[in-house]
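In what follows, a single structure is set out as structure tokens and then discussed.
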Amino acid sequence: MDQIHVTLPDGKVQEVPKGTTPLEIARKISPRLADAALVARISAGNGVPNPNATDNSELIDLRRPLDYDVKLQILTEKDADALYVFRHSAAHLLAAAVTELFPDVKLGIGPPIDTGFFYEFLREEPFTPEDLVKIDAKMRQLAAQDLPNERKLLSKPEAIELYKKTNQTFKCELVEEKATEPVVSFYTTGKFIDFCRGPHIPSTKRITAFKLMSVAGAYWKGQEANPQLQRIYAAAFYTQKELDEYLHRLEEAKRRDHRKLGVELDLFSIQEEAGPGLIFWHPKGGLIRKIMEDWLRDELLHRGYDLVATPHIMKLDLWKTSGHTGYYRENMFGPVEVEKTDYQLKPMNCPGHILIYKARMKSYRDLPVRLAELGTVYRYERSGVLHGLLRVRGFTQDDAHIFCMPSQIESEVEACMDFAFAVMKTFGFDKFEVELSDWDASHPENYTGKPEDWQRATAALAETMTRMNIPFKKIDGEAAFYGPKIDVKLIDAIGRPWQLTTVQFDFNLPARFGLQYIGEDGAKHEPLMVHRALLGSVERFFGILVEHYAGAFPLWLAPVQIEICPVSEKVADYAHQVTDTLKSHGFRVHLDDRNEKLPAKIRDAQLQKIPYMLVLGPKESEAGTVSVRHRTKGDLGPKPLPEVIESLTKEVESKSQ
RNA sequence: GCCGAGGUAGCUCAGUGGUAGAGCAGCCGAUUCGUAAUCGGCAGGUCGCGAGUUCAACUCUCGCCCUCGGCUCCA
């Protein structure tokens, strides 16, 4: 048979000679399509199924001959998958440039990533910024030559021989591991050749909008025992405009960086004298924390939680019972000996809550028991991973543990999710992603808990989500060893996801601690246990809030809500009077009585991102008014003070964003 | 922890083998001012810490601490 049938997305079927390429078909459809085409997607047609496809579709080169019936789709920039192919080709271009400039490098891997690509190299000398400039220039030079990306097939022994000859030990390793068939594919870009599954875009011409961003050490295959390669990261997009937008987003993220704003707004600090990863909350940060915590505690009480408090240090033996000394030891601060007994700084709150549960016999009438604590924990994190407020060594979790009967699971999960959404709404997040992590059912030996527990808990989580109309992504094999969980990721003001809320079942601790309740039947039963944190950590959540609001907190959270700006000392009395009145109405007011001109006072208040400024001069003093300026809306003109108090009170009460 | 880059006044940064400078912030004084910086003066630093080389180290070398970008991990 030398004719094959190619089905296009619109359902039309073309009969073409065997060996016809997607590019040829694209040309037949329209020259413009052929020009825009980057890569093709095929899936099994009506005839012989595609023998290569791992799932039901596969991306292939535009110049790859088709030799069986397929469904074919020509992908252009509009298709999300094409961008990854494009970036992958850009990674090859980087490797081509580097091997030309530095022929002795050993190559690692070079995949596409979310904003571009990287390629790994082993080289004695570190790549310098000057090297990157040279590499960039070489890449542009090669790209301009419009080098084709050509697919070549080699037998496995030939491939290994090729890499042995060129001393590419990592590539040898990859061929050994990944080549499951006798013949493996390579791609050439000019003189450069790389073991690669492909596909690639036809040639280098289009690769113009990229920027080499940084060099970073990365272990071969991510294993610390392996040699460390130099990874060159690059951003890459189809157009310079998109690249510029991305770089602009990076600038925006930098502008919002909570570490920078933390200093500028005097919110918190980390002190070298005290130790890394330990947070000092300054008065303004502390005030915002207080407001957040007050809101949270009120909600906890309204929602049927009990507030508890547990010690920061407890006997090491307790952590043996809980199992933490076994599987969590590398994250714990070392034990402290007191009177010949070892004590442990707590890395988690669970055992404390369990001891409270156990302190009295529980009846089914007591369940669910919901114990909540803003519990400060200490974890040893390796020095290289610490990051502002987002990754620290001491932090306060808004932790709670729910002990319940199986019949109560669903309503408890639902209540947790409802609470999580209340948090999101209150703190101004409106986008989120939910993940449900299940076990890997093929390896029950890696988990505790009975299969029926897993099944029931996972079903409860999934059904609750479905009932609440919450879209979620189920991920198998991502669960902790002790139970399935739901994670909620919030999307912030500039589109970055942050994992905060987690709701986790625990089939491990109730058994380890022998938790019980007396059932209706008079017999002893083991309760189900759920861990849940909404903010995750108060420190981390605060850091995220700072970035989300770019430091401009809504009125109800702002540490200083109103700045009083008298025009001159002549109205000092009136300024004090207005300040006191506002304070008496519960506002956080600051009077700027410095000997400065009004513009300077306005500027400083703006830089401090204070929501409202009240300008007071002789006119206002006469009329008993205040001139209101909003930090983003600007001058709102003079208003009677009672009117301002009323509208600001409403704004605070509604927690409006 | 590892790779790379850094650490100079409260902050942002300049600087040189001969023991340091600017702007802002602070303090003092003048000015009494209308919606993003009034003017002048003063004060402020063991140049991250510890060794070593040198007649002399902030500068060169080594070790350590801390920060940043990654790897890895994660609330």
Side-chain angles (χ1 to χ4, degrees), chain A residues 108 118 120 122-123 125-129 132 213-233 254 257 259-260 263-264 266 269-277 330-331 347-349 375-377 379-399 487 498-502 504 531 533-544 563 565-572 594-608 613-620 627-631 633-638:
Chain A
F118 66 77
E120 296 174 341
L122 183 69
R123 177 175 174 242
E125 303 294 307
F127 288 112
T128 62
L132 290 190
M213 303 296 286
S214 62
V215 183
Y219 300 103
W220 173 236
K221 292 181 181 163
Q223 302 291 314
E224 287 187 21
N226 288 339
Q228 198 163 31
L229 308 181
Q230 295 185 64
R231 190 178 276 189
I232 299 180
Y233 279 88
K254 229 183 194 171
D257 192 313
R259 294 167 298 184
K260 181 170 168 279
V263 175
E264 288 172 7
D266 197 14
S269 64
I270 298 166
Q271 311 263 351
E272 192 170 335
E273 282 172 276
E330 71 276 15
N331 277 304
M348 293 191 180
N349 299 302
T376 302
V377 297
R379 299 183 183 174
Y380 166 67
E381 299 287 354
R382 303 208 287 178
S383 53
V385 308
L386 300 172
H387 182 98
L389 293 171
L390 303 182
R391 191 78 185 276
V392 297
R393 285 187 175 156
F395 60 99
T396 301
Q397 292 180 304
D398 66 315
D399 209 354
D487 290 321
W498 300 98
Q499 207 236 289
L500 300 177
T501 299
T502 180
Q504 309 189 351
H531 307 256
L534 303 174
L535 310 182
S537 124
V538 175
E539 285 75 6
R540 193 173 123 92
F541 186 72
F542 180 57
I544 292 164
E563 184 80 9
C565 304
V567 167
S568 81
E569 281 169 20
K570 286 180 184 160
V571 286
R594 293 175 304 164
N595 181 10
E596 289 287 350
K597 289 190 171 178
L598 181 63
K601 294 183 182 184
I602 298 279
R603 178 182 149 86
D604 289 341
Q606 287 284 156
L607 290 175
Q608 285 297 304
M613 288 144 266
L614 300 187
V615 174
L616 307 180
K619 282 180 273 181
E620 289 78 8
S627 280
V628 181
R629 180 190 165 96
H630 184 263
R631 68 181 163 205
K633 292 175 200 149
D635 191 353
L636 303 176

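Atom set for the values below is all heavy atoms of this structure, side chains included, hydrogens, waters and symmetry mates excluded. Just so it is clear: chains get the letters A, B, ... in the order the sequence lines come, proteins before strands, and each one is counted from 1.
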Problem - B:C47 versus B:C60 - spacing of their P atoms, nearest Å - result: 14 Å
Handout entry: Nearest heavy atoms of A:G217 and A:Q228, plus distance in Å
Key = C-NE2, 3.6 Å
Handout entry: Distance, C1' atom - from B:U8 to B:C58, rounded to whole angstrom
Key = 7 Å
Exercise for the section: Kindly say if A:R259 contacts the phosphate of B:C68, meaning a side-chain N or O under 4.0 Å from OP1 or OP2. Expected result: yes
Please tabulate the protein-to-nucleotide N/O contacts below 3.5 Å involving nucleotides 37-42 of chain B, giving atom names and distances.
from	atom 1	to	atom 2	distance (Å)
B:A37	N9	A:R603	NE	3.4
B:A37	N7	A:R603	NE	3.2
B:A37	N7	A:R603	NH1	2.8
B:A37	N7	A:R603	NH2	3.2
B:A37	N6	A:R603	NH2	2.4
B:A37	N1	A:R603	NH2	3.1
B:U38	OP1	A:E596	OE1	3.4
B:U38	O4	A:N595	O	3.4

Problem - From CA spacing to verdict: side-chain contact (heavy atoms from CB on, under 4.5 Å), A:C565, A:L598 - result: CA-CA 7 Å; A:C565 304; A:L598 181 63; 3.8 Å; yes
Exercise for the section: Check every strand shown and say whether A:K619 touches a base, only sugar-phosphate, or nothing at a heavy-atom separation below 4.0 Å. Expected result: base
Exercise for the section: Please figure out whether A:R594 or A:Q223 has its closest RNA chain B nucleotide nearer the 5' end. Expected result: A:R594
Practice task
Rounded off to whole Å, could you give me the NZ-to-P distance for the A:K633 and B:A36 pair?
Solution key: 17 Å
Handout entry: Between B:G21 and B:G44 - P atom distance, rounded Å
Key = 13 Å
Exercise for the section: Could you state the atom-to-atom distance from CG of A:L390 to C1' of B:U67 in whole Å? Expected result: 15 Å
Exercise for the section: May I ask which nucleotide in the shown strands pairs with B:G23, Watson-Crick or G-U wobble, both distances under 3.5 Å? Expected result: B:C11
Exercise for the section: Please measure how far the C1' atom in B:C71 lies from the corresponding atom in B:A57, and state the result in whole Å. Expected result: 36 Å
Completion exercise
On a heavy-atom basis, the closest approach of A:E563 and A:A605 is CG-CB, 3.9 Å
Exercise for the section: Kindly say whether, by distance alone, the side chain of A:Q228 makes a donor-acceptor pair under 3.5 Å with the base of B:C2? Expected result: yes
Handout entry: Complement of B:G44, any strand, by Watson-Crick or G-U distances under 3.5 angstrom
Key = none
Handout entry: Pairwise P distance for B:U61 and B:G7, with rounding to whole Å
Key = 14 Å
Exercise for the section: Please measure how far the P atom in B:G48 lies from the corresponding atom in B:A20, and state the result in whole Å. Expected result: 14 Å
Problem - Counterpart base for B:A5, defined by Watson-Crick or G-U wobble contacts under 3.5 Å - result: B:U67
Handout entry: Whole angstrom value for the distance that separates P of B:G34 from CE of A:M613
Key = 18 Å
Practice task
Determine whether any donor atom in the side chain of A:Y219 lies under 3.5 Å from an acceptor atom in the base of B:G1, or the reverse, and answer yes or no.
Solution key: yes
Problem - Cation-pi, A:F127 ring and A:R123 (6.0 angstrom, 45 degrees) - result: yes
Practice task
For RNA chain B, find the residues of residues 533-541 of chain A with a heavy-atom distance under 4.0 Å and give them by number; none if there aren't any.
Solution key: A:G536, A:S537, A:R540
Handout entry: Sugar-phosphate only, base, or nothing, as touched by A:Q271 at under 4.0 Å among non-hydrogen atoms
Key = nothing
Exercise for the section: Over all heavy atoms of both residues, which pair between A:Q606 and A:M613 is shortest? Give the atoms and the distance, please. Expected result: OE1-CE, 3.2 Å
Handout entry: Phosphate OP1/OP2 of B:G1: any A:S383 side-chain N/O under 4.0 Å
Key = yes
Practice task
Provide the distance between the two P atoms, one in B:C24 and one in B:C42, to the nearest whole Å.
Solution key: 14 Å
Fill in the blank from the handout: A:R631 CZ to B:A36 P, in whole Å, measures 17 Å
Exercise for the section: Measure from CZ on A:R382 to P on B:C3 and round the result to the nearest Å. Expected result: 12 Å
Practice task
Pick base, sugar-phosphate or nothing for A:P618, based on heavy-atom distances below 4.0 Å to the nucleic acid.
Solution key: base
Problem - Same-atom distance (C1') from B:A25 to B:U12, integer angstrom - result: 11 Å
Practice task
Return the nucleotide paired to B:G50: Watson-Crick means purine N1 to pyrimidine N3 with N6-O4 or O6-N4, wobble means G-U with N1-O2 and O6-N3, both under 3.5 Å.
Solution key: B:C62
Handout entry: Non-hydrogen side-chain atoms of A:R231 and A:V215 separated by less than 4.5 Å
Key = no
Practice task
Classify the nucleic acid contact of A:V377 as base, sugar-phosphate or nothing, counting any heavy atom under 4.0 Å across all strands shown.
Solution key: nothing
Exercise for the section: With heavy atoms under 4.0 Å as the rule, sort A:A218 into base, sugar-phosphate or nothing. Expected result: sugar-phosphate
Exercise for the section: Assign A:L607 to base, sugar-phosphate, or nothing according to its heavy-atom contacts below 4.0 angstrom with the strands shown. Expected result: base
Fill in the blank from the handout: Closest to the side chain of A:P276, out of B:U67, B:C11, B:G34, is B:U67
Problem - Closest to the A:E272 side chain, choosing from B:G4, B:U35, B:G7 - result: B:G7
Exercise for the section: Check the distance between B:A25's C1' and A:D266's CG and give it to me in whole angstrom. Expected result: 12 Å
Problem - Donor-acceptor under 3.5 Å (A:R393 side chain, A:E381 main chain) - result: yes
Exercise for the section: From the options B:U35, B:U32, B:G4, select the nucleotide whose nearest atom is closest to the side chain of A:P126. Expected result: B:G4
Problem - Phosphate OP1/OP2 of B:G70: any A:H387 side-chain N/O under 4.0 Å - result: no
Handout entry: Any donor-acceptor pair under 3.5 Å from A:E539 side chain to A:T396 backbone
Key = yes
Handout entry: Pairwise side-chain contact, A:T501 with A:D487, heavy-atom cut-off 4.5 Å (strictly under)
Key = no
Handout entry: Nearest-Å distance for atom pair CD/P, residues A:E273 and B:C65
Key = 17 Å
Handout entry: A:K619 side chain vs A:S627 backbone, donor-acceptor pair below 3.5 Å
Key = no
Exercise for the section: Would you mind classifying the nucleic acid contact of A:S627 as base, sugar-phosphate or nothing, using non-hydrogen atoms under 4.0 angstrom? Expected result: base
Problem - Whole-Å gap separating C1' (B:U67) and CZ (A:R393) - result: 13 Å
Exercise for the section: Examine the side chains of A:Q397 and A:S537 and answer whether a donor and an acceptor come within less than 3.5 Å of each other. Expected result: no
Practice task
Answer whether the closest heavy-atom distance between the side chains of A:H630 and A:D635 falls below 4.5 Å.
Solution key: no
Exercise for the section: Kindly confirm whether the side-chain ring of A:Y233 is stacked on the base of B:G70, judged by centres under 5.5 Å and planes under 30°. Expected result: no
Fill in the blank from the handout: Under a 3.5 Å limit on both distances, the Watson-Crick or wobble mate of B:A30 is B:U38
